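Note that the structure is a prediction, hence the values are computed from the model and not measured. Order of the sequence lines sets the chain letters (A, B, ...), proteins ahead of strands, with each chain counted from 1.
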Amino acid sequence: MGGSKITRNRERPVTMDTSGERPTPYSPTEIEPRWQDRWEADNAFHAAEDPERPKFYLLEMFPYPSGDIHMGHVRNYVLGDVLARFKMTQGHAVLHPMGWDALGLPAENAAIERRVHPAEWTVSNIGNMKRQFRRLGMSYDWDRELSTHHPGYYAWTQWLFLKMHEMGLAYRKGGLVNWDPVDETVLANEQVIDGRGWRTGAPVEKRRLDQWYFRITDYAERLLDDLDRLEGWPERVVQQQRNWIGRSEGARIDFTVEATGETLPVFTTRPDTVYGVTFMSLAPEHPLIDELIAPSEHGARVMPEIQRMRTQTLDVRMDENADKEGVFTGFHVVNPLNGDRVPLWVANYALMDYGTGAVMAVPAHDQRDFEFARKYDLPVRVVIQPADAPLDSATMTQAYVDDGVQVNSGPFDGQPNRDAIANITDHLAANDIGEGTVNYRLRDWLVSRQRYWGVPIPVMYEDDGSVTLVPEDDLPVAHPRDVEFTGKGGNPLARDEAFTNCVSPTTGQAARRETDTMDTFVDSSWYFLRFTSPRFTEGVFDREAAGYWMPVDQYVGGIEHAVLHLLYARFITKVMYDLGVSSVDEPFQNLFTQGMVTKDGGKMSKSLGNVVAPDDLIERYGADTARLFSLFAAPPELDLEWNDAGVEGCHRFLHRLWRVFDALLPHTADAADYDANTLTPDERELRRMTHVTIQRVSTDIQRRFKFNTAIAATMEMVNHLQGLAGPFTDNQQALLRESLEALARLLGPFAPHISEELWTRLGHTQSILRSGWPDADPDALAQDEVTIVVQVNGKLRGRISLATGSGEEDATAAALADENVCRHTDGKTVRKVIYVPDKLLNLVVG
RNA sequence: GCCGAGAUGGCGGAAUUGGUAGACGCGCUAGCCUCAGGAGCUAGUGGGCGCAAGCCCAUGGGGGUUCGAGUCCCCCUCUCGGCACCA
């Protein structure tokens, strides 16, 4: 073999290498199924508890089995798969399970349209999606598969309901609820987006119904406080939850209804303005209206108007540009601080959902109250004066909401309003006419759904209407199988007498079963706990298994669940913690929210006709190309715009990778180890390139989630190797072998099938998953010579090559020997030298 | 209105701590190979000036700090997301 220089061969590209080996074509359709079978046969992704190794619980939000996975799924699950395989290769005990959020309306709609039972439809979808996941090469431990529609799962969802009932956290109450007219069921507040149902987009109506609720508001403070502990969560998700919980500090103030003497409490964040109250506004839904006003002499006059306000749809009511409307009730209330008698109004801008449903109106210091007062010619009384320009209630054109000094405020006159807030709050408490309180925007979670394909709520009603819980031993309360799905007449469960008729376990008398099912968000609020012991029959999950695996080290999913699923899951985990079954009270240590997949600038959707089907993609290019593209085209947190040419590019890269191995493998067949001390500069450079790539890929995956740049680094490495041509010395062969082995392992998480295949062709018999992750050798990363950038007055004027670690004097001397640098320094004095060793030299001249 | 994220070539995007702006990929141009190519390979590819060496401009706009700013500070514009008649 010849010289020690590695030649870059331009005339003879590697594909034309004439070493005698016949090139083998890259054939994903042959390779991929073979490796999928092998992984399955080897039980390669089995999650085993092992105290010797660090554990890693990786979870992606499980899908609703709608029938086919779409590109959004592919992206989400490939992201997770990269991390799982990375951790597996590093030798962690990895739990990477998959399951099905299998209850929900599409199954029922399919039952109506196609006369197939929701269970059958669901199970068949699951089968298809599982096949698709397998084709993508996902590293799931299918032994732990679970589905929320399975009795072995939902029995424990029902158990959770019973426990929450015992704890006083599940309760039934009547009230105004959000009704989705398309899905024909009620919705929780979180599930109404801009006045529309989150699934259907239909404008939500208000109905007065008796429904089951979970008392999430009892956990508001903890849910809010513990957000501070979620350092591994994106700030915007934390912010959204903080917004949603909506804590505000203020005071309750008890006004009195003049006619009856009964107390009418209000919530305010501005107790300092209480002396400025000139009227009171009730929400149109306020109970006092039906109790007091409707039957009164004023009823006939005001009720039609109130009824009209009540029927305004939510999106009209919530539009802040909408006209403020109101009607005087004829009644008055008394201000407990100054004894003022002020008129009681009903106003459409007062919300029954917030505070107490009654607002003390201070037009001088609240913009909404101001507009209302001007419209209906109600008095404006200034009680806070700014320091500069005193306010005049007659000429004000808007409310003054900033700080100032109290006036017209009795004993509090002259105090800065900030002090008055505290002093008036103390005064309220001392006189038993109110107190400092904290109010939350968060409402209790309405969990009843008037649908069949959910978890039946395990309660029954006695003749007298009282609630009896189904005994734990009788769980699960299962769905009746022979049910007709007509799409008419509401919940099929309610029409099924065999289901509704039951016998009370306490009285032995006939009773009526609850026919509402639970919100499917309840099912998905604890599945991550169940994955730790999915077949456990002695309890909701095995406390020890959960203790080992929880919390989820990395959770991956869509941003759309920032408040919905992610808030509910935190709540239920805290409930499980309080029940003593979970050892953690926050489920997800780190959260990653990936961007959408778009095409032609919009979200991929059937209605837009811009859907790319994963099956077609795999058919044409193979799973590795599909995986690579969904990782490479954009950083994972940003939206990914689909681009067919980009897919081709990734496919070409895999072909190139394959050819590089084809060309170089024959030269590494019997490579021994190299001697790092006898390498030529070129050889050291090859070695350095290998180790730099190892380092880049490792940190990009682990620390930065930058899979796009990790893949770019491996592309650079392939580009570099592609330019090499033999013959090679022994040292060079050993170096090439090191490069190829590193390359195969670095690509393992991204393109697992081709990587396994190349790993095998390198002579290994074990899966690449057991190969260990390569380490970057710091010694190999060191350079003998570095390029130093030379600036003159901060502008780039030249580059010099110096031995690593050279001092400022040497660098300056070398720089001043550079022709172009001299052109800019000649005739000037060097006033200052900034030297960043091994990087940059800046000569400041003048 | 409040909160948060962002704006870099023809496009997707790099730039880890204030230190070579545009890695990698797409697209495009030229050439090679080929019966042919939609395959593969080689070279080039931010704008302007210049025969060239090289110089100037350039990270949404305007100021500032610094030897040096895509990166830090101030002001502005626009885009996206969340909350919003929340008392």
Side-chain angles (χ1 to χ4, degrees), chain A residues 10-16 193-194 234-244 246 248 250 266-270 273 281 283 317-324 347-351 353-362 366-369 371-372 439-441 559-560 562-563 628-629 632-635 637-650 652-653 655-656 659 696 699-700 703-704 706 708-716 718-719 722-723 787-799 819-820 823-824 831-834 836 839-845:
Chain A
R10 309 219 185 280
E11 297 75 42
R12 221 162 35 107
V14 286
T15 40
M16 303 305 286
I193 317 285
D194 293 334
E235 185 53 34
R236 64 171 173 156
V237 175
V238 171
Q239 269 307 337
Q240 279 184 46
Q241 293 213 355
R242 202 168 270 142
N243 265 342
W244 187 261
S248 60
V266 300
F267 172 76
T268 180
T269 55
R270 293 292 303 274
T273 64
S281 296
R317 279 277 290 280
M318 303 292 265
D319 180 0
E320 79 184 286
N321 300 318
D323 242 13
K324 294 176 184 19
N348 67 343
Y349 70 89
L351 305 173
D353 271 356
Y354 190 78
T356 66
V359 185
M360 61 173 224
V362 186
D366 181 283
Q367 187 58 25
R368 290 154 311 172
D369 297 342
E371 287 167 26
F372 195 87
N439 193 56
Y440 293 94
R441 213 186 69 95
I559 187 75
E560 66 273 18
V563 199
L628 216 50
F629 177 73
F632 177 68
E637 70 277 10
L638 296 186
D639 287 352
L640 182 156
E641 169 71 11
W642 192 264
N643 173 0
D644 290 330
V647 179
E648 295 273 0
C650 288
R652 278 205 289 272
F653 166 65
H655 273 285
R656 228 158 59 227
R659 284 197 306 273
R696 283 172 67 185
T699 59
D700 281 358
R703 217 183 57 225
R704 311 199 306 151
K706 289 280 195 167
N708 56 331
T709 53
I711 292 169
T714 64
M715 286 175 169
E716 286 183 61
V718 168
N719 291 348
Q722 194 173 221
T787 301
I788 291 175
V789 172
V790 182
Q791 298 181 339
V792 178
N793 287 344
K795 284 187 186 283
L796 178 67
R797 296 302 180 194
R799 294 182 171 85
E819 194 187 337
N820 200 44
R823 217 195 331 267
H824 293 89
R831 300 195 184 278
K832 193 173 175 186
V833 176
I834 288 108
V836 182
K839 266 208 156 154
L840 173 141
L841 179 76
N842 188 9
L843 303 172
V844 184
V845 302

query = Which whole number of Å gives the distance between the C1' atom of B/rA21 and that of B/rA58?
reply = 9 Å

message = Between B/rA7 and B/rC41, how many Å separate the two P atoms, rounded to a whole number?
response = 33 Å

query = Which one, B/rC24, B/rA84, B/rC85, comes nearest to the side chain of A/Arg441?
reply = B/rA84

key: Where protein sits on nucleotides 50-60 of chain B, one letter per nucleotide: B base, S sugar-phosphate only, - none, heavy atoms under 4.0 Å   = ----SSSS---

key: Nucleotide B/rA84, atom C1' - distance to OH of A/Tyr349 in whole Å   = 16 Å

remark   = Stems field, RNA chain B, Watson-Crick or wobble, 3.5 Å, at least 3 pairs, by first number, holds B:1-7 with B:77-83, B:10-12 with B:24-26, B:27-32 with B:40-45, B:46-49 with B:54-57, B:60-64 with B:72-76

message = Can you see whether A/Asn439 engages A/Ser248 through a side-chain donor-acceptor pair at a distance of less than 3.5 angstrom?
response = no

ask   = Which residues pass the salt bridge (charged side-chain N to carboxylate O under 4.0 Å, His left out) test with A/Arg368, sequence neighbours left out?
value = A/Asp366

query = On a whole-Å scale, what distance lies between the P atoms belonging to B/rC28 and B/rC78?
reply = 36 Å

task = Provide, to the nearest angstrom, the distance between the CZ atom belonging to A/Arg368 and the C1' atom belonging to B/rC86.
result = 7 Å

query = Starting at CG of A/Leu840 and ending at C1' of B/rA21, how long is that distance when rounded to a whole Å?
reply = 14 Å

Side chains of A/Leu840 and A/Gln791 in contact at under 4.5 Å (non-hydrogen atoms) = yes

message = Work out how far the C1' atom of B/rU59 is from that of B/rG18, and round it to whole angstrom.
response = 15 Å

note = Here the gap from A/Arg236 atom CZ to A/Arg242 atom CZ, rounded to the nearest 0.5 Å, amounts to 15.5 Å

task = Using the C1' atoms only, state how far B/rC2 lies from B/rA84, rounded to an integer number of Å.
result = 8 Å

inquiry  = Between C1' on B/rC86 and CZ on A/Arg270, what's the gap in Å once rounded to a whole number?
reply    = 15 Å

task = Round to the nearest Å and state the distance from A/Leu351 atom CG to B/rC83 atom C1'.
result = 14 Å

remark   = Rounded to the nearest 0.5 Å, the CG atom of A/Asn348 sits from the NZ atom of A/Lys324 at a distance of 8.0 Å

inquiry  = So which atom in A/Ala283 and which in A/Ala350 form the shortest heavy-atom distance, rounded to 0.1 Å?
reply    = CB-O, 3.3 Å

key: Earlier contact from the 5' end, RNA chain B, for A/Ala712 and A/Arg799   = A/Arg799

ask   = Between A/Val359 and A/Phe267, is any pair of side-chain heavy atoms under 4.5 Å apart?
value = no

inquiry  = If I take atom NZ in residue A/Lys324 and atom C1' in nucleotide B/rC86, what distance separates them, rounded to the nearest angstrom?
reply    = 13 Å

inquiry  = Please give the distance between the P atoms of B/rG27 and B/rC76 as a whole number of Å.
reply    = 43 Å

message = Is A/Arg242 close enough to B/rG4 that one of its side-chain N or O atoms is under 4.0 Å from OP1 or OP2 there?
response = no

Spacing of CZ belonging to A/Arg696 relative to CD belonging to A/Glu716, to within rounding of 0.5 Å = 4.5 Å

query = Atom CG of A/Asp353 and atom CZ of A/Arg441: how far apart are they, to the nearest 0.5 Å?
reply = 9.5 Å

task = Quick one: label A/Gly246 by what it contacts on the DNA or RNA (base, sugar-phosphate, nothing), any heavy atom closer than 4.0 Å.
result = nothing

Nucleotide B/rC83, atom C1' - distance to CG of A/Asp353 in whole Å = 15 Å

ask   = Are A/Arg656 and B/rG25 close enough that a side-chain N or O sits under 4.0 Å from OP1 or OP2?
value = yes

request  = Establish, with yes or no, whether the OP1 or OP2 oxygen of B/rC67 is under 4.0 angstrom from a side-chain nitrogen or oxygen of A/Lys832.
outcome  = yes

inquiry  = Would B/rG13 be called syn or anti here, given the cut-off of 90° from 0?
reply    = anti

ask   = With rounding to whole Å, what would you report as the distance between B/rG44 and B/rG9 at their C1' atoms?
value = 15 Å

Atom pairs, protein N/O to nucleotides 78-82 of chain B N/O, distance under 3.5 Å:
none

inquiry  = Tell me every residue that passes ring-ring contact (aromatic ring centres under 6.0 Å, His included) with A/Phe653, counting only those two or more places apart in sequence or in another chain.
reply    = none

inquiry  = Across nucleotides 11-16 of chain B, 5' to 3', mark each nucleotide with B, S or - according to how protein heavy atoms within less than 4.0 Å reach it.
reply    = -SSSSB

request  = Grab the two heavy atoms, one from A/Phe372 and one from A/Ala347, that are nearest each other, plus how far apart they are.
outcome  = CE1-CB, 3.7 Å

request  = Rounded to the nearest 0.5 Å, what's the gap from CG on A/Asp369 to CE on A/Met360? Could you check?
outcome  = 8.5 Å

request  = Counting heavy atoms from C-beta on, name the nucleotide in B/rC85, B/rA23, B/rC67 closest to the side chain of A/Val844.
outcome  = B/rC67

message = Within the 4.0 Å heavy-atom criterion, would you say A/Glu235 contacts the bases, only the backbone, or no part of the nucleic acid?
response = nothing

request  = Measure the CG-CD1 distance between A/Leu841 and A/Ile788 for me, rounded to the nearest 0.5 Å.
outcome  = 7.5 Å

query = Are A/Phe632 and A/Met715 side-chain neighbours, meaning at least one heavy-atom pair lies under 4.5 Å?
reply = yes

remark   = Smallest heavy-atom separation, A/Gln241 atom then A/Ala562 atom, equals NE2-O, 2.8 Å

task = Assign each of A/Met715 and A/Thr787 to its nearest nucleotide of RNA chain B by heavy atoms, then name whichever residue's nucleotide is nearer the 5' end.
result = A/Thr787

message = Of the listed nucleotides (B/rU20, B/rA87, B/rC67), which one gets closest to any side-chain atom of A/Ile834?
response = B/rC67

ask   = Quantified in whole Å, what is the P atom distance between nucleotide B/rG22 and nucleotide B/rC3?
value = 37 Å

ask   = Base, sugar-phosphate, or nothing: which does A/Arg831 touch, judged by heavy atoms less than 4.0 Å apart?
value = nothing

Gap between atoms CG and C1', on A/Asp366 and B/rC85 respectively (whole Å) = 9 Å

key: Residues A/Val833, A/Asn842; criterion side chain to side chain contact (heavy atoms under 4.5 Å, CB included); working and verdict   = CA-CA 6 Å; A/Val833 176; A/Asn842 188 9; over 6 Å; no

